[in-house]
Amino acid sequence: VDTLKLSVAEADRIKGTVDALRKELLTKEELAKQEAENLKKKASDEKLLLENEGKSWRNRFTEAEISRGIMDAAIANESFDPSQMVSLLRNSAKLVESVDQEGKPTGRFDVKLSFSDEVNNKTVELELSPADVIKRMKDKPAKFGNLFKSNVRPGLGNAPAGGASGPVNLKDLTAYREWRKTNLG
């Protein structure tokens, strides 16, 4: 100010302008800081939302794959009610990523069930596919026979233990009477 030989009024005006610019600059810094915090919070909220959505879809995929795997195996093994098999086996099921011969993940997922079974007169916990578990269940009619169609005798249950044999020509009354006498007593 001295060097420019400004008047006192001009010097005050310049100082006021400098102070106003400093205040405006400080305000812009504060606004920028607040905007940065808002952007950070928005990004954090979006990240949390995407993580929750990813978990939701992963859970849906897992449930669908497990239910479908058990149901497919139940249908293939002639279960009375495949959804009943899902209810029975769901708690012991998990989804596992399959690996190739080198032990590298393939990107495919398989359903595995924990199943207690007897092997060499010892009870062991096995990890098997739904098809293997349901096949083992079907092979034990004393314990699981009520779950499968093929383990049930036709009619009211008064048929002989061996079951009916062979097809019958229902148009031939004599053949039908003979078959009935032989098979149903």
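Values below: all heavy atoms of this structure, side chains included; hydrogens, waters and symmetry mates excluded. These numbers were taken from a predicted model, which means no experiment stands behind them.
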Which atom pair, heavy atoms only, marks the closest approach of Ile70 to Ala93? CD1-CB, 4.4 Å

Using 4.0 Å as the upper bound for N to carboxylate O, is an ion pair formed by Arg68 and Glu65? yes

Could you measure the distance from the OG atom of Ser67 to the CE atom of Met85? Nearest 0.5 Å is fine. 13.5 Å

On a heavy-atom basis, the closest approach of Pro105 and Glu97 is CB-OE2, 3.3 Å

Take Phe148 and Lys138 through the side chain to side chain contact (heavy atoms under 4.5 Å, CB included) test and state the conclusion after the steps. CA-CA 7 Å; Phe148 301 97; Lys138 188 175 181 179; 4.0 Å; yes

Check the orientation of Phe144 and Phe115. Use parallel for under 30°, tilted for 30 to 60°, and perpendicular for over 60°. tilted

Judged by modelled atom types alone, do Asn59 and Ser56 share a side-chain donor-acceptor pair under 3.5 Å? no

Under a 4.5 Å cut-off applied to non-hydrogen side-chain atoms, are Lys140 and Asp117 in contact? yes

Between Val86 and Ile75, is there shared hydrophobic-cluster membership here, with clusters defined by ILVMFWY side-chain heavy atoms closer than 4.5 Å? no

Non-hydrogen side-chain atoms of Lys47 and Leu49 separated by less than 4.5 Å: no

Residue pair Asp110 / Leu95, side-chain heavy-atom distance below 4.5 Å: no

Could you check whether any side-chain heavy atom of Arg136 comes within less than 4.5 Å of a side-chain heavy atom of Leu128, counting everything from C-beta outward? yes

Check the side chains of Thr123 and Ser116 for a donor-acceptor pair under 3.5 angstrom, ignoring hydrogens and angles. no

CD1 of Ile66 to CZ of Phe109, rounded to nearest 0.5 Å, is 11.5 Å

Any chain of hydrophobic side-chain contacts (each under 4.5 Å) joining Leu126 to Leu89? yes

Can you see which heavy atom on Glu125 is nearest to which on Ser114, and at what distance? OE2-CB, 3.2 Å

Rounded to the nearest 0.5 Å, how far apart are NZ of Lys143 and CE of Met137? 8.5 Å

In this structure, are over 12 heavy atoms from other groups packed under 6.0 Å from Arg60 atom CZ? yes

Under a 3.5 Å cutoff, is there a donor and acceptor pairing between the side chains of Asn77 and Ser79? no

Rounded distance [0.5 Å steps], CD1 in Ile134 versus CE in Met71: 10.5 Å

Test salt bridge (Lys or Arg N to Asp or Glu O under 4.0 Å) on Lys15 and Asp19 and set out the steps. CA-CA 6 Å; Lys15 283 182 184 179; Asp19 288 341; over 6 Å; no

Give the minimum heavy-atom separation between Thr106 and Val99, together with the two atoms involved. CG2-C, 3.8 Å

When rounded to the nearest 0.5 angstrom, what distance separates CD in Glu51 from CZ in Arg58? 10.0 Å

To the nearest 0.5 Å, what is the distance between OG on Ser98 and CZ on Arg108? 5.0 Å

